[in-house]
Number of protein chains: 2
Amino acid sequence: MRTSQGVEWALHTCLNLSWLDAPVPTGILAAFYELPPAYLNKQLQALVRAGILTSTSGPRGGFQLTRDPGEISLLDIVAAIEGPEELFRCDRILSKGPGEHAGVDYRQSCVFAQAMRGADLAWRRELAGKTVADVQADVEHRHPESPANTRARIAELR
Amino acid sequence: MRTSQGVEWALHTCLNLSWLDAPVPTGILAAFYELPPAYLNKQLQALVRAGILTSTSGPRGGFQLTRDPGEISLLDIVAAIEGPEELFRCDRILSKGPGEHAGVDYRQSCVFAQAMRGADLAWRRELAGKTVADVQADVEHRHPESPANTRARIAELR
DNA sequence: GGGTGAATACTCGGATATGGCCTGTCCGAGTTGACGCGG
DNA sequence: CCGCGTCAACTCGGACAGGCCATATCCGAGTATTCACCC
């Protein structure tokens, strides 16, 4: 059980977009990391549906962040790509067991489901506590040249 | 990204086995929750490889816990089924980016990978903190008849 | 020279193939228990 | 009655198909720019 590649792509792409102020087309963003352009486009569509990115068609179009990087958590991005389901898949097999009554929601009452949901929430809490702005700050602290490098490379690829 | 069905099956099966002291064959364990026997067998094999269960061949054979339920964490079971990989898949796409040097392990230095690993650890910490014995106690507290019910149903299926 | 119109190039968006892993099944190897026979 | 050997049934274990989701790609719809033409 691992996240899809799209998550890593989306994270890094959002960080790059946080250093830019004009729309950037898929082709450029894909070339930045040598990714398949059409498939990256598909992932970015999911970010648009989630309200994280805005898309503009036509020449000089592309993708850009809809809001401040400080308002975009890593959980927002992960959930946009992976979907809203929780990590643990509960098919309520307890309902097939003995001594159990109908009309009970085993997703709520099953102790395992509860424990797994607790772990799921811990995971989400960590992801929700870190924003793109936080990452931005970390990276700029370690590698102050990163924003300029990114802008330069984007301009070079245009 | 969700856990496979095998995780839920393994969790409940381990709990059932914690209330029994003799080996139970796959067929019985599967009938308990109306699961496909051969496929459940496949999952239990993974638990054997992980050292959680012991298997005995021949008549009167089957599966049983290798150690005390208090020494089996939910993480042990999940990891046995899902494998040891962490949730976030990092393909080090940074190494394809500009201004980056070879010889750097981007699984370590990438800020996103670090943040995702932190969330992963939070998830694992929750799962490692809960043992089968804990679940056992919770269930017995809420439904004191559960152990007897389980033993009766197992005997009935034999 | 300025404005307008069409043509054009560019970009996103969804519809469409392919591959790998999860799901599901089957049969053979090994072991245990039972049974019958002989002492 | 007791011991031993054979037989048979039972169980695990790994090898073998099918289905679904992640991966990957392509082409059409829409739009802003550009350029040429006309006033």
Side-chain angles (χ1 to χ4, degrees), chain A residues 1-10 13 17 22-31 33-64 66 78 80-85 87-89 91 93 154 157-158, chain B residues 1-10 13 17 22-31 33-64 66 78 80-85 87-89 91 93 154 157-158:
Chain A
M1 179 195 42
R2 287 182 335 187
T3 59
S4 63
Q5 297 182 12
V7 173
E8 186 182 12
W9 302 359
T13 299
L17 287 175
V24 185
T26 307
I28 308 294
L29 293 170
Y33 291 123
E34 301 178 12
L35 304 175
Y39 190 32
L40 176 63
N41 187 7
K42 191 180 181 66
Q43 312 289 355
L44 297 184
Q45 286 176 30
L47 295 181
V48 170
R49 278 190 294 271
I52 297 171
L53 295 186
T54 310
S55 62
T56 344
S57 279
R60 310 283 297 175
F63 295 93
Q64 55 188 335
T66 53
V78 171
I81 302 291
E82 292 290 333
E85 294 131 348
L87 295 178
F88 176 61
R89 171 202 233 153
D91 290 341
I93 67 172
I154 291 287
L157 290 170
R158 273 199 185 277
Chain B
M1 180 194 41
R2 285 182 339 189
T3 60
S4 63
Q5 295 182 12
V7 173
E8 186 182 13
W9 301 0
T13 298
L17 287 176
V24 184
T26 308
I28 309 293
L29 294 171
Y33 292 123
E34 300 178 15
L35 305 175
Y39 191 31
L40 176 63
N41 187 4
K42 194 181 181 67
Q43 312 289 354
L44 297 184
Q45 286 177 31
L47 294 181
V48 170
R49 278 191 293 272
I52 297 171
L53 296 185
T54 309
S55 64
T56 343
S57 280
R60 310 281 297 172
F63 295 92
Q64 55 187 336
T66 53
V78 172
I81 302 293
E82 292 290 333
E85 294 131 346
L87 295 178
F88 176 61
R89 173 202 233 153
D91 289 342
I93 67 172
I154 291 288
L157 290 170
R158 273 197 184 277

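To find a chain, count down the sequence lines: A is the first, B the second, and so on, and within it residues start at 1.
- Between A/Pro25 and A/Arg158, the shortest heavy-atom distance links the atoms CD-NH1, 3.9 Å.
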Scan the side chains in residues 35-44 of chain A for donor-acceptor partners under 3.5 Å anywhere in the protein, sequence neighbours excluded, and list what turns up.
from, atom 1, to, atom 2, distance (Å)
A/Tyr39, OH, A/Gln43, NE2, 3.2

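- For the pairing with B/Val24, the side chain to side chain contact (heavy atoms under 4.5 Å, CB included) check across B/Thr13, B/Leu29, B/Leu157 returns one residue only, B/Leu29.
- One can place CG of A/Asp91 at 12 Å from C1' of C/dT23, the figure rounded to the nearest angstrom.
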task: Go along nucleotides 24-33 of chain C 5' to 3' and tag each nucleotide: B for a protein heavy atom under 4.0 Å from its base, S when only backbone or sugar atoms are that close, - otherwise.
output: BBB---BBBS
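- A/Gln64 has its CD atom 14 Å from the P atom of C/dT11, to the nearest Å.
- A/Arg89 contributes atom CZ, which lies 9.0 Å from atom CD of B/Glu8 (distance to the nearest 0.5 angstrom).
- For residues 47-61 of chain A, no pair satisfies side-chain hydrogen bond (donor to acceptor under 3.5 Å, both in side chains), with sequence neighbours left out.
- Remark: B/Gln45, B/Arg49 in residues 43-50 of chain B come within less than 4.0 Å of DNA chain D through at least one heavy atom.
- Where A/Ser4 and B/Val24 each meet DNA chain D at their nearest nucleotide, the meeting point lying more 5' is that of B/Val24.
- Applying the side-chain contact (heavy atoms from CB on, under 4.5 Å) rule to A/Ala50 yields the partners A/Ile52, A/Ala80; only residues at least two apart in sequence or on another chain are considered.
- For the pair B/Thr26 and A/Glu82, nearest-nucleotide mapping onto DNA chain D gives the more 5' position to B/Thr26.
- Between the CG atom of B/Leu157 and the P atom of D/dT11 there is a distance of 13 Å, given to the nearest Å.
- If you take CG of A/Leu53 and P of C/dG13, they are 10 Å apart, rounded to a whole angstrom.
- Looking at heavy-atom distances under 4.0 Å, A/Gly27 makes no contact with the nucleic acid at all.
- Taking atom CD of residue B/Glu85 and atom C1' of nucleotide C/dC21, one finds them 12 Å apart after rounding to whole Å.
- Computed from coordinates, the A/Ile81 CD1 to D/dC21 P distance equals 18 Å when rounded to whole Å.
- Put simply, OG1 on B/Thr3 and CD on A/Glu85 are 11.0 Å apart, with the number rounded to the nearest 0.5 Å.
- In this structure, CG of B/Leu29 is placed 11 Å from P of D/dT11, rounded to the nearest angstrom.
- Atoms CD and OG1, on A/Gln45 and A/Thr26 in that order, are 8.0 Å from each other to the nearest 0.5 Å.
- Annotation: side-chain hydrogen bond (donor to acceptor under 3.5 Å, both in side chains) contacts of B/Ser4 (sequence neighbours excluded): B/Glu82.
- The CZ atom of B/Arg89 sits 11 Å away from the P atom of D/dA22 (whole-angstrom rounding).
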